[in-house]
Student: 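My questions will all concern the structure given below.
What's counted below: heavy atoms across the whole structure, side chains too, no hydrogens, waters or symmetry copies.
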Amino acid sequence: MFLISKLVWIFAQPLSLAFFLVFLALLAGLLRWRILSILGAAGSAIILFVTLYTTAGNLLMQGLEQRFAKPAADPDSLQCMIVLGGGFENEVNTARHGIEFNGGADRFIEALRLAQKFPQSRILVSGGDGSISGVYEGDAAASERFFPLFGVGRDRLIEERQSRTTFENAVNTKEFLASQGLSNCLLITSGFHMPRSVGIFRKLGIDIVAWPTDYRTDGQVRPGLDFTQPNLNAQNMATAIREWYGLVGYYLAGRTSELYPR
């Protein structure tokens with residue numbers, strides 16, 4: 001299942017689909033299949049235009065981010081928090097032994113803020129190597145270097161280093177929470193990732209409080225054209241589409257409580 005999901009995403013993401021349609025159009029042209037060639041070229045152009053020059057991707061991202069609102073205030077007390085991996089550049093960190101973040105860094109910045117405010121709280125970082133090769137360290141390993149730099153002792157960390165997917169995050173986390181006697185933890189992950197994450201945790205009967213972070217939109221996106229930031233538009237489109245693949249796939253596999261949790 002893990003390998004299949006990785007391979008599907010390689011070939012099914014928007015820019016890959018656009019490439020394959022261009023290749024199809026070229027091949028059809030060489031074979032003098034004029035209609036198929038035109039359809040392939042047109043399909044590729046449509047995908048590229050919508051991905052690069054419209055707000056479609058940002059709208060999809062915004063919809064995911066708005067499913068779970070972040071509480072207006074911090075909790076009065078905090079026993080534990082679960083941080084899902086996805087914030088570190090694991091390939092770079094494995095090679096350079098540093099602490100390099102990617103766009104999901106807010107997951108760990110928010111966890112650090114809460115850890116400093118609630119010094120009695122425990123932090124469970126769930127994240128192994130999610131690459132196909134499996135040769136890199138995961139977020140849990142990198143977090144062991146990160147948190148102590150800011151006064152959070154290693155004794156407060158619970159590292160779950162085996163998970164490669166969100167489903168494995170939840171399954172393995174459930175075992176760690178039971179062994180540590182922890183419950184009703186904050187679930188910290190990116191806003192767009194929260195619906196699928198909560199659906200899986202609910203399905204497994206794990207009580208959590210959704211604590212989204214790492215927002216990619218301002219919440220005021222409207223349908224329209226956007227020629228100012230094609231690279232960001234493409235990135236948000238890919239991220240949102242990937243998340244929807246996950247929502248649908250996990251729902252069909254019976255791994256989430258509902259298709260689009262809220």
Side-chain angles (χ1 to χ4, degrees), residues 1-24 40 43-52 54 56-65 67 84-94 101-105 107 126-140 162-172 189-201 203 212 214-217 230-256 258-261:
M1 185 69 176
F2 168 73
L3 183 58
I4 292 175
S5 66
K6 293 293 183 181
L7 293 176
V8 167
W9 176 241
I10 289 175
F11 296 106
Q13 56 187 288
L15 295 184
S16 292
L17 289 176
F19 169 78
F20 290 129
L21 286 174
V22 167
F23 181 79
L24 175 64
S44 177
I46 291 172
I47 290 175
L48 288 174
F49 182 81
V50 172
T51 298
L52 296 172
T54 75
N58 295 313
L59 281 170
L60 287 174
M61 181 72 76
Q62 181 173 266
L64 290 164
E65 291 179 338
R67 297 297 284 184
L84 300 187
F88 288 99
E89 288 287 357
N90 291 322
E91 295 183 23
V92 177
N93 289 336
T94 301
F101 285 103
N102 58 31
R107 304 181 189 191
S126 179
D129 179 13
S131 69
I132 294 178
S133 65
V135 299
Y136 306 111
E137 71 172 20
D139 286 57
Q162 302 303 314
S163 60
R164 302 167 298 172
T165 66
T166 306
F167 179 72
E168 291 179 0
N169 284 152
V171 171
N172 295 344
T189 189
S190 302
F192 65 83
H193 188 233
M194 190 61 76
R196 181 157 57 106
S197 302
V198 170
I200 298 169
F201 275 74
K203 183 73 173 183
D214 178 32
Y215 290 97
R216 308 294 174 92
T217 70
N231 185 61
L232 180 59
N233 291 339
Q235 181 178 341
N236 283 346
M237 174 68 88
T239 301
I241 291 292
R242 183 176 187 176
E243 202 57 37
W244 266 105
Y245 282 160
L247 282 166
V248 173
Y250 276 22
Y251 178 72
L252 293 177
R255 291 183 169 184
T256 59
E258 53 187 315
L259 175 62
Y260 199 19

Student: Do T54 and L59 have side-chain heavy atoms sitting under 4.5 Å apart?
Tutor: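 T54 does not reach L59 side chain to side chain.
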
Student: Tell me, please, which residues at least two apart from F20 pass ring pair (Phe, Tyr, Trp, His ring centres under 6.0 Å).
Tutor: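 Partners of F20 by the ring pair (Phe, Tyr, Trp, His ring centres under 6.0 Å) criterion, ordered by chain and then number, come out as F11.
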
Student: Excluding sequence neighbours, so at least two apart, what forms side chain to side chain donor-acceptor pair (under 3.5 Å) with T217?
Tutor: E65

Student: List in chain and number order the residues that pass side chain to side chain donor-acceptor pair (under 3.5 Å) with T256, two or more places apart in sequence or in another chain; answer none if no residue qualifies.
Tutor: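 Once residues adjacent in sequence are excluded, T256 has no partner under the side chain to side chain donor-acceptor pair (under 3.5 Å) criterion.
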
Student: Could you tell me which residues satisfy salt bridge (Lys or Arg N to Asp or Glu O under 4.0 Å) with R67, sequence neighbours excluded, listed by chain and number?
Tutor: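 Once residues adjacent in sequence are excluded, R67 has no partner under the salt bridge (Lys or Arg N to Asp or Glu O under 4.0 Å) criterion.
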
Student: Which residues pass the side chain to side chain donor-acceptor pair (under 3.5 Å) test with N93, not counting sequence neighbours?
Tutor: none

Student: For residues L64 and P195, report the shortest heavy-atom separation together with the two atoms involved.
Tutor: O-CG, 3.6 Å

Student: Taking atom types as modelled and ignoring hydrogens, do the side chains of N169 and S163 form a donor-acceptor contact shorter than 3.5 angstrom?
Tutor: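 Looking only at side-chain atoms, S163 and N169 do form a donor-acceptor pair, the distance falling under 3.5 Å.
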
Student: Kindly state each residue pair satisfying salt bridge (Lys or Arg N to Asp or Glu O under 4.0 Å) with at least one member in residues 12-22, sequence neighbours excluded.
Tutor: none

Student: Hey, does I10 have a side-chain heavy atom less than 4.5 Å from the side chain of I132?
Tutor: yes

Student: So, taking the atom named OH in Y251 and the one named NZ in K203, what distance separates them when rounded to the nearest 0.5 Å?
Tutor: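 Here the interatomic distance stands at 9.0 Å.
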
Student: Counting heavy atoms not belonging to Q162, are there more than 12 under 6.0 Å from its CD?
Tutor: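 Open: at most 12 neighbouring heavy atoms sit under 6.0 Å from CD of Q162.
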
Student: Could you check if a side-chain atom of M237 sits within less than 4.5 angstrom of a side-chain atom of V50, using non-hydrogen atoms only?
Tutor: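 They are in side-chain contact.
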
Student: Only pairs at least two apart or in different chains count here, so list each salt bridge (Lys or Arg N to Asp or Glu O under 4.0 Å) that has a residue in residues 237-253.
Tutor: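 Residue pairs passing salt bridge (Lys or Arg N to Asp or Glu O under 4.0 Å), neighbours aside: R196-E243.
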
Student: Test L24 against F19 for side-chain contact (heavy atoms from CB on, under 4.5 Å), laying out the working first.
Tutor: CA-CA 9 Å; L24 175 64; F19 169 78; over 6 Å; no

Student: About how many Å separate CZ of F167 and OG of S197, when rounded to the nearest 0.5 Å?
Tutor: 13.0 Å

Student: Do W9 and I241 touch side chain to side chain, with heavy atoms closer than 4.5 Å?
Tutor: yes

Student: Do S44 and L17 have side-chain heavy atoms sitting under 4.5 Å apart?
Tutor: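 No, too far: nothing below the 4.5 Å cut-off.
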
Student: Do T239 and M61 touch side chain to side chain, with heavy atoms closer than 4.5 Å?
Tutor: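 Yes. Closest side-chain heavy atoms under 4.5 Å.
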
Student: What are the two closest heavy atoms between R164 and E168, and how far apart are they?
Tutor: N-OE1, 2.7 Å

Student: Mind listing the closest non-hydrogen atom pair of I200 and A170 along with its distance?
Tutor: CG2-CB, 3.4 Å

Student: Under the side-chain contact (heavy atoms from CB on, under 4.5 Å) rule, what do V135 and T94 come out as? Steps first, then yes or no, please.
Tutor: CA-CA 9 Å; V135 299; T94 301; over 6 Å; no

Student: Which distance, rounded to the nearest 0.5 Å, do you find between the CZ of R216 and the CG of D214?
Tutor: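 CG of D214 is found 4.0 Å from CZ of R216.
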
Student: For residues A12 and Y245, report the shortest heavy-atom separation together with the two atoms involved.
Tutor: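 Closest approach of A12 to Y245: O-OH, 2.9 Å.
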
Student: Taking only residues two or more places apart in sequence, or in another chain, which ones meet E91 in a salt bridge (Lys or Arg N to Asp or Glu O under 4.0 Å)?
Tutor: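 Scan of E91 (salt bridge (Lys or Arg N to Asp or Glu O under 4.0 Å), adjacent residues dropped) gives none.
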
Student: Just by distance, no angles: are the side chains of R107 and S190 close enough, under 3.5 Å, to form a donor-acceptor pair?
Tutor: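 Looking only at side-chain atoms, S190 and R107 do form a donor-acceptor pair, the distance falling under 3.5 Å.
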
Student: Ring centroids only, cut at 6.0 angstrom: are W244 and Y260 within range, meaning strictly under it?
Tutor: yes

Student: Looking at every heavy atom in both P14 and A238, which two are closest together, and how far apart are they?
Tutor: CD-CA, 4.3 Å

Student: Checking F101 now: which residues fulfil ring pair (Phe, Tyr, Trp, His ring centres under 6.0 Å) with it, not counting sequence neighbours?
Tutor: F88, F146

Student: Return the set of residues passing side chain to side chain donor-acceptor pair (under 3.5 Å) with D139 (not counting sequence neighbours), or none when no residue passes.
Tutor: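 For D139 the side chain to side chain donor-acceptor pair (under 3.5 Å) partners, ignoring immediate neighbours, are N90.
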
Student: Show every salt bridge (Lys or Arg N to Asp or Glu O under 4.0 Å) that has at least one partner inside residues 127-137, sequence neighbours left out.
Tutor: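 Residue pairs with at least one partner in residues 127-137: E137-R145.
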
Student: How about L52 and N233: do any of their side-chain heavy atoms sit closer than 4.5 Å?
Tutor: no

Student: Restricting to pairs with a member in residues 7-23, which pass salt bridge (Lys or Arg N to Asp or Glu O under 4.0 Å), not counting sequence neighbours?
Tutor: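 Every candidate salt bridge (Lys or Arg N to Asp or Glu O under 4.0 Å) pair involving residues 7-23 fails, so no pair, neighbours aside, qualifies.
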
Student: Can you confirm whether more than 12 heavy atoms, excluding those of F23, are under 6.0 Å from its CZ atom?
Tutor: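 Counting other residues, nucleotides and ligands, CZ of F23 stays at 12 neighbours or fewer.
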
Student: Minimum heavy-atom separation for P212 to G191, with atom names?
Tutor: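 Smallest interatomic distance, heavy atoms only, reads CB-CA, 3.9 Å.
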
Student: Find the distance between OG1 (T51) and CD (Q235) and round it off to the nearest 0.5 Å.
Tutor: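 Separation between the atoms: 13.0 Å.
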
